[in-house]
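Reminder, nothing fancy here: chain letters follow the sequence lines and each chain counts from 1.
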Amino acid sequence: MLTWLIAAPALAALVVAFLPKDRKELYLPVGFLLSFVPLAIAGYLFFDFESGEAGFQFTERIPWYEPWGIEWNLGIDGISLGMVVLTTILFPISLAASTAINHKVKEFVVAVLFLEAGLIGTFLALDLFLFFVFFEAILVPMYFIIGIWGSERRIYAAIKFFLYTAFGSALMFAGIIALAFLHAGQEGVASFAYQDLLGLDLDVVDERLLFAAFGLAFAIKVPMFPLHTWLPDAHVEAPTAGSVLLAGVMLKLGTYGLLRFNLGLFPEASVDAVPIMATLGVIGIVYGAAVAIVQPDLKRLVAYSSVSHLGFIVLGTFALTSAGLQGAVIQNVNHGLTTGALFLLVGMIYERRHTKKIADFGGLWKVMPIYAGLFLFATFASIGIPGLNGFVGEFLILVGSYATLPVFAIIAASGVVLAAIYLLWAFERVFTGVPDKPENQALKDVNGREIALMAPLVVLILLLGLYPQVLLEKTEASTEAILDRIEAVTDYEVPAPGRLDDVFVAEGAEE
Amino acid sequence: MIELVLFVVVGSAAIGGALAVIFAKNPVYAALGLLGTLFSLGVFYVVNLAHLVAVVQVIVYAGAVLTLFLFVIMMIGVDKDQAGDEPLRYQRALVGGLGLIILLVGGGLAVGGRFDWVPTASGAETLPNGTVEALAGRLFTDWVLAFEVTALLLTIAAAGAIALAYFKHDGSEPVE
Amino acid sequence: MIEVTAGWYMSLAAVLFSIGLLGILVRRNALIMFMCVELMLNAVNLTFVAAGRALGSLEGQVSVFFVLVVAAAEVVVGLAIIVAIFRRRESASVDELSELAG
Amino acid sequence: MSPEILVPLVIAVPLLGAVFLHFLGRRIGEPLAGWLATGAIGTSFLLGAISSVDFIRGTSEHGESIMLWDWMPAIGAAFEIKWDPLAALMTLVVTGVGTLIHVFAIGYMHGDERFARFFTYLNLFAASMLTLVLAGNYAMLFLGWELVGLCSYLLISFWYTKPSAAAAGKKAFIVNRIGDLGFMIGLMLVFFHFGTLSFDGIFERAGEVLTTGTATAIGLLFLLGAAGKSAQIPLYVWLPDAMEGPTPVSALIHAATMVTAGVYVVARSASIFQEAPAAGMAVATVGALTALWAASIAIAQTDIKKVLAYSTVSQLGYMFLAVGLGGYVAGIFHLMTHAFFKALLFLGAGSVIHGMADEQDMQKMGGLRKHMPVTAATMGIATLAISGFPLLSGFWSKDEILAVAFEAGGFASVLYVIGLVTAMLTAFYMTRQWVMVFAGDSRWDEGVHPHESPRVMTVPLIVLAVLSVGAGLVNTPFRLGLEHFLEPAFEGIAMAHPPDGIGMFLLLAAVSVGAGLVGIAMGGFVYTRPREVWTRFQTGFGRLWTAWESAYRVDDLYGAALVTPGRKASEVAAFRFDLPIIDGLVNGVGRFFTESGTRSRVIQSGYVRHYGVAFVGGLLLAVIWLLVVGGA
Amino acid sequence: MFAQTTLATPDVSWLAIAPEITLGLGAAIVLLVEVQFLPPIRRLGALVGGILAVAFGFSVWQWIRVDELLTTTDSAEFLAGFLPFGEMIVMDHGSVLARFALLTVAALGIVSGWQLFERLGRRGAEALALVLLATSGFTLMASSVHLMMMFLGLEVGSIALYILAGITRDRISSDEAAIKYFLLGSVASAVFVYGVALVFAATGELSLLDARSFLSGTIVTRPAVLLIGMAMLVVGLGFKISAAPFHSWAPDVYQGAPAGIVGYMAAAAKIGGFAALIRVLHTAFPSLLAEWAPLIAGIATLSMVGGGILALVQDDVRRLLAYSGVTHAGFILMGMVGGGVGAPEIWFYLAVYTLQLVGAFGVVAVVAGATGGPTPIAAFRGLGRTQPMLAVAFGVLLLGMGGLPLTSGFVAKFGVFQTAWQAGFEWLVVVAVLASVVGFAFYLRVIVAMYMHDEADDAVPAPTMPSRTVVALTAIVTVVLGLLPAPLLELTARAIPL
């Protein structure tokens, strides 16, 4: 089942690749239609998924090359489920949003579909070797997407993106090898399987080094301050689909990895690392927002807003409370939807005006009201208005992290204000006032296709905002399991807010 | 006693020849220096009971190889461009440095007697005075494969010489 | 009285070898550089012979033959190359052959 | 039918109205869209009324909490409604006043190209406000809290082509957000200590769980939030700007309903504030100061809506004063009456602006009495009501607040004095306004032909006028109807009461009425005279007057102290730090490698003898290494 | 009169040298046929193909035979088959693998560089013969367990390559390449054979096996001679595999030598050199692992870092590939720091890398055009549009060399990394992973040129059928082995040297 989920887009890519040369008009539609196959499979998985089941489901394990202990080892749990579904949802959308791609269309569709296969694989892989294979392989399609179909400084951005992330993952690779041999040392046989590696008992130094190696890779992917500078460049230069997928899914590899591997495999070190990670997370929140305020380019602004929002996820992850973790997991999906929507919208305006500079706009509300409405909707989702999805994640994270990291939570909360400032200010400059520039007065409002693109996102944003249970009920067990493990192997104790004894502890802390 | 004298005299001759090779302005002198070294080595071979080797040394090297060298030297003319100047900056300094290091390491080892080594148990039986037959025996039994491989070498040499230095009379190349 | 051990000969060989090695670096006439190579090979031969004697093993002397053969083959090819180049550019100085760099 | 079904509908109906209008409003057009919206909110008024019958009858004491569906169970957040007298009262006020304003708006917004969209927003706002007041836990309350903020943003910048309007909307939202920050942190503490955000889970255990310290912390944080929503010092600055929005909006959101949310939250959290007298006192103080501060500014305003805006701020200050001291009934009571007469005032102002072709400067008015009698009369009533003219609604509610403050004694008596002075100022500037607008001789530009507004606008005025007169009677010292009505909601809370005894009541009443009459007299005396008199009167105050006129230049202060430095800071972060330093480092690494590459190219000089040197060097290194390691 | 001395004939196993005989005779035949009949070069090509095929067939037979030998209980038969010719050479899986690799590389190299051979006209025959001879030399070198034998094999291979490097006369740079290669090469072999002599002096043995048994038997009180000898062996071979700092010839030769043959030259030298290095270090000096492992690690580090950094700034793709070859030498050396256990991973890496190398140079040859002219990166601009198939293949090959997951290069890298890690050289692995990132940096430069720039001014000629097939084949293999490495891994797994 899971294998098919990975294979489907790859096969689709091959199908497109072998379409006849003279039927150019077919490439995009065919790719678009085929990208519904993984969506269907993912949907099936989602509804067939056993809620309240902590372990991995639909697992598949086939040895790849025993002497090295590498396996084709897939599985899905509450943490990855949401990401997989999100991925499969975003891909048809971003394909349909790529009608502006006018050269090398076939290559584009192929690259996108391979990217999908790789991303899904990364979320499903339970064998660390396999995980790394996917984790690294997806760089290539994205590299081409940015480098070939991007805007002016695309090559610079593409290379920067590729090398920066590759550099990050390099040390993780060493860490993976190390883990395998630690396992060999303890169990006699090298293994890369997540399930096996959970059983390792590492000594403090090893564990911290490994945590650092993995952490660096994911911190760059997230990206956490101060490793974020590749993101704005990549976003600004990438084509719409590229930005959507980059922000929507790829960045999540970082947060997902932190949650799955750093927390999962190195509980002791994670507990020790909480101050550092939380600090960086909070810095990211405030700093990203502060920098976003004055960005002259819409995409740059949204990119920095991602830095800020993902800071929340990091904070929630390392708050090590059930609310925090749930918030982190769901915020992964939320950010994918809202930021995806924002990038889609920016893309639409870019296709019309071929500029992303805020200064070039103004008064668009008058000329394209529906577009403005959609943009406003996405904006408020991103600001975190309750009732829309953004709030659920952030609120859970904040409330959850207060229990363990009160000061951090309070500072982080200020990010909510800053978000309002930079987004609304940008909105004001772009949409309000009278459209004075002639080229703006002629703009056409969004057409049916574009509305159709946004519709699913809007629906999901509302759904997750009003009834996040659809996801939370499936993730809860897995997050709890992680916390239980941490409690089991370390002397860390997950605070249960409201328990009177805790309250008195808290009093003691206050006096 | 004699061996000592021989070693000192001939050895210095060998070294002298070697130095001539690398310092002589005129390639011909260099060649002659090399010749001197080869001869002195021939002497040492005799001293070391390798008569056949000594003979071959003289015939092959002095006779064939050196002649070949001189022939080529003559053919391409004795260019005196080897004036004392050194076009490459630092080259002399670098080489000097390397030489110094070699000297230090080698000297250190020699002084420490480290370069001397203990003849091992297998050296119990001493070589017969006159080893041609035994050599033949080795060559055609255990070393036969190596012996055959030299055939390959010579084939290559022949083919290579043709491929590289074969020209039409008008100097143009057969390719064009 | 002092006995001349194989170590002496080997030391001498080492000296010759070093001279050859350095000679390569100081001469820029391809021919002479090539002579230096011959010098090195002879140092090798001396080592073989001396060691072979001290060890009472014939292998040393046998090896010398093959070194000789190799030397001969190298000479043929090497001189061929040098001649070929000379044909083209009337000089045997390797310093003039330095277009390929970086 | 039982509330379980009806109460959710109270929210649902206007929400559906909003959704319907959003998609079809343009199609069905004016005025039908407006009537639909009115119908929606009217319906929810009826539903609310039906459901609250039991409370009025007193048959159902505590009401019930209605669970709809789970939201964030991890923090005890759900879509659940708490239906108790307090909620019921708020519902009725919101929907009641709301309905009237909807009706008025139909006339007021006549001819606007986004007529339908306006009512979409109004309905959406109504739904959000009802969510706020009906919420059964803090999370849902916060949901409504933020949504009303959103609607206020949309409605203030409704005429977005006006840059000032757009800016005002943004300002309102952001300033509110700052308050919300406090509120959110407060909620974090609440959750941390109670393990849930559900009212039921919190209020019973407040006493046992909270220490004074934490309670105070929470209280102060809530105060920050409330100050944002209810425009109290220091966050009141957005409200005057909010007047950029259409007048019905000002009436509904920025006078009657949304801005009272802060008061409501404090009242709702009574059991927390009970544990933190200091926090309560802080609320009261902030309220009193705001009341005075805003009133003083209102004195000097010449824009008809600005006066009302500052007056609103000031009146909200009264409510804070009351609830801060624990006089919840008094606070809510004033909230209600204020809703009536302030809505009336705004609508009246709207009617005036409408009739004066969008003229807002009172100096260009005067003598409108004969041109728009209804408006004049109704606004007159409202003016008297707010000035605390005996037996009008404002008289009862304001006096109760002052009485509560007096009774509380101690530091509160200072607040009492402030309140008294404010009462006087209020009377003064309100009278001033009425006189400037309706009395005296006409000062308007030629070309303007003032006319009475259509029936659809005047009817709401009349209704509200009636309410402004009579609403006070629901809670007089002689018959404490409202108090009895609300008591179940504040069970277990020690509420502050006005002093008992008619004598005491009469005495206090006399004092405050006296203050009011002084104000009225002064206003009437000065502003019925010709202009020179005013100017002499105003210049009499010297610099002080200009300070009032310019609202103490608080906006400039904030701009200089916060906005500009903030902008600078982020510019530095973005262009002096992020690009050159952090990104510079990254690119620096790359450049380092290529640079070292270019430098080391010299090794590959192309001279074979250099290669030889490298080779021999390497050889020697290898030899020496082995000799050293090999121990030779 | 003459004293009759009977010579004890050594065990002769013709099978053990059947491929070499085929190649040697084949070369002779080629030359003779050429002289005699002056056939069109295509015929000779077919002939050479046949020869290689036969040799390959013999190798397969050898493989099977080795499996048999390993199962036999008769020790005499085993020795006779396993160590024929007086223990000069060994016929084990390693040596047969080397034959497979070298023969494949030779075949592909000739095919992809076919244009060159055609241009060489009559000299083409010599070129073909030399390729065959070089191949036989390197196979001998790879299978020898005797230092002199190894030296001979090395010389046979190297001298042939010197000639091939200078065989074309159209380009001056070809001369330069030849002379540089020749001078430095002969110095290197002199160093190597001096090492042989010293080891002989110190141990009294030339056979690796005897040397090992001697060293394991006795404590060398004054190891100086032995150590210097060992160092010289390592350096001599380090030159062949172009490991830093003995790599300086590689870039110039790759750039100067005719494009058609470089692929083969580079690949063959690497295979032979590494095969020999494994044998020398593991078969003869296992007891000195502690001494030489760090030395190898040091060379590896220098190669990976230095090669990578220099490759970053190259403008000519051939030089770039040369320096990348230096880094690869470093990576492969990592497999050696653990001793013989790493041999399978080394063999896998060699097989994978040399295939990619030949394929890549096939592309280079196409771009270089008939004259085998220079190939600056700029010449690859827009290849993605003008020659899509070529560009895709080249991209795959480059990413494979870079070690991108889902390509064989990644599996190979992983193999050597894990052996190094197992051997306790964690720091080396860390250096290596970072170096491989640098690797991406310069491979990407070419890909950028191919896909993200507009066409170059002079269009790239369409690849001929032969080179097209080679390039495609190598690219496909790169991907397939990246997905399913197990078959080849199981093959190489048997190549544990004695």
Distance in Å, B:N48 CG paired with C:F48 CZ, rounded so as to fall on 0.5 Å steps: 14.0 Å
Is there side-chain contact between B:L35 and C:M35, with heavy atoms separated by less than 4.5 Å? no
Measure distances from C:F86 to the heavy atoms of chain B and classify the residue's part below 4.5 Å as side chain, backbone, both or neither. side chain
Shorter than 4.5 Å, heavy atoms on both sides: which option in B:V53, B:T37, B:V47 has the most such pairs with chain C? B:V53
C:V15, part contacting chain B, at a heavy-atom distance under 4.5 Å: side chain
Select one option (side chain, backbone, both, neither) describing which atoms of C:I19 are under 4.5 Å from chain B's heavy atoms. both
Ranked by heavy-atom pairs below 4.5 Å to chain B, first place among C:L12, C:V77, C:V76 goes to C:L12
With a 4.5 angstrom heavy-atom cut-off, is it the side chain or the backbone of B:A64 that approaches chain C, or both, or neither? neither
Any chance you could measure B:L135, atom CG, to C:E59, atom CD, to the nearest 0.5 Å? 10.0 Å
All heavy atoms of B:A134 vs all of C:L58, minimum pair found to be CB-CD1, 3.2 Å
Please report the shortest heavy-atom distance between C:I32 and B:P27, naming the atom on each side. CD1-CA, 3.8 Å
Option that, when pairs with chain C are counted at under 4.5 Å, heavy atom only, ranks first among B:L52, B:V149, B:D142: B:L52
dist B:L34:CG -> C:F34:CZ (nearest 0.5 Å) comes out at 11.0 Å
Aromatic ring centroids of C:F65 and B:W143 under 6.0 Å? no
Counting heavy-atom pairs under 4.5 Å to chain B, which of C:L31, C:N42, C:N45, C:L25 comes out on top? C:N42
Between B:L66, B:V56, B:V95, who has the most heavy-atom pairs with chain C when the cutoff is under 4.5 Å? B:V95
By side chain to side chain contact (heavy atoms under 4.5 Å, CB included) - contacts of B:V65 (at least two apart): B:V60, B:Y61, B:F69, C:V75
Shortest non-hydrogen contact between B:I22 and C:G23, atoms and distance: CG2-CA, 3.3 Å
For chain C, which of B:L154, B:L6, B:L68, B:L98 has the most heavy-atom pairs under 4.5 Å? B:L68
Segment of B:I15 engaging chain C (4.5 angstrom heavy-atom cut-off): both
Tell me every residue that passes side chain to side chain contact (heavy atoms under 4.5 Å, CB included) with B:V46, counting only those two or more places apart in sequence or in another chain. B:H51, B:A54
Would you say the side-chain atoms of B:Q91 pair up with the backbone N or O of C:V26, donor to acceptor, closer than 3.5 Å? no
With a 4.5 angstrom heavy-atom cut-off, is it the side chain or the backbone of C:L79 that approaches chain B, or both, or neither? side chain
Give the minimum heavy-atom separation between C:V49 and B:A50, together with the two atoms involved. CG1-CB, 3.8 Å
Heavy-atom pair count under 4.5 Å with chain C, highest-scoring of B:F23, B:F71, B:F147, B:Y45: B:Y45
In terms of heavy-atom pairs under 4.5 Å, which option from B:G160, B:G33, B:A30 contacts chain C the most? B:A30
Where C:R27 and B:K25 come nearest, the two heavy atoms and their spacing: NH2-O, 3.8 Å
Please check if the side chain of B:R138 supplies one atom and the backbone of C:Q61 the other of a donor-acceptor pair under 3.5 Å. no
Heavy-atom pair of closest approach, residues C:L39 and B:A18: CD2-CB, 3.6 Å
In terms of heavy-atom pairs under 4.5 Å with chain B, which of C:L21, C:V69, C:I24 leads? C:V69
Could you measure the distance from the CG atom of B:L103 to the CG atom of C:L22? Nearest 0.5 Å is fine. 10.0 Å
Given heavy-atom pairs under 4.5 angstrom as the criterion, report whether the side chain, backbone, both or neither of C:D95 touches chain B. side chain
I would like to know whether B:L164 and C:V83 meet side chain to side chain contact (heavy atoms under 4.5 Å, CB included); could you show each step before the answer? CA-CA 9 Å; B:L164 287 170; C:V83 168; over 6 Å; no
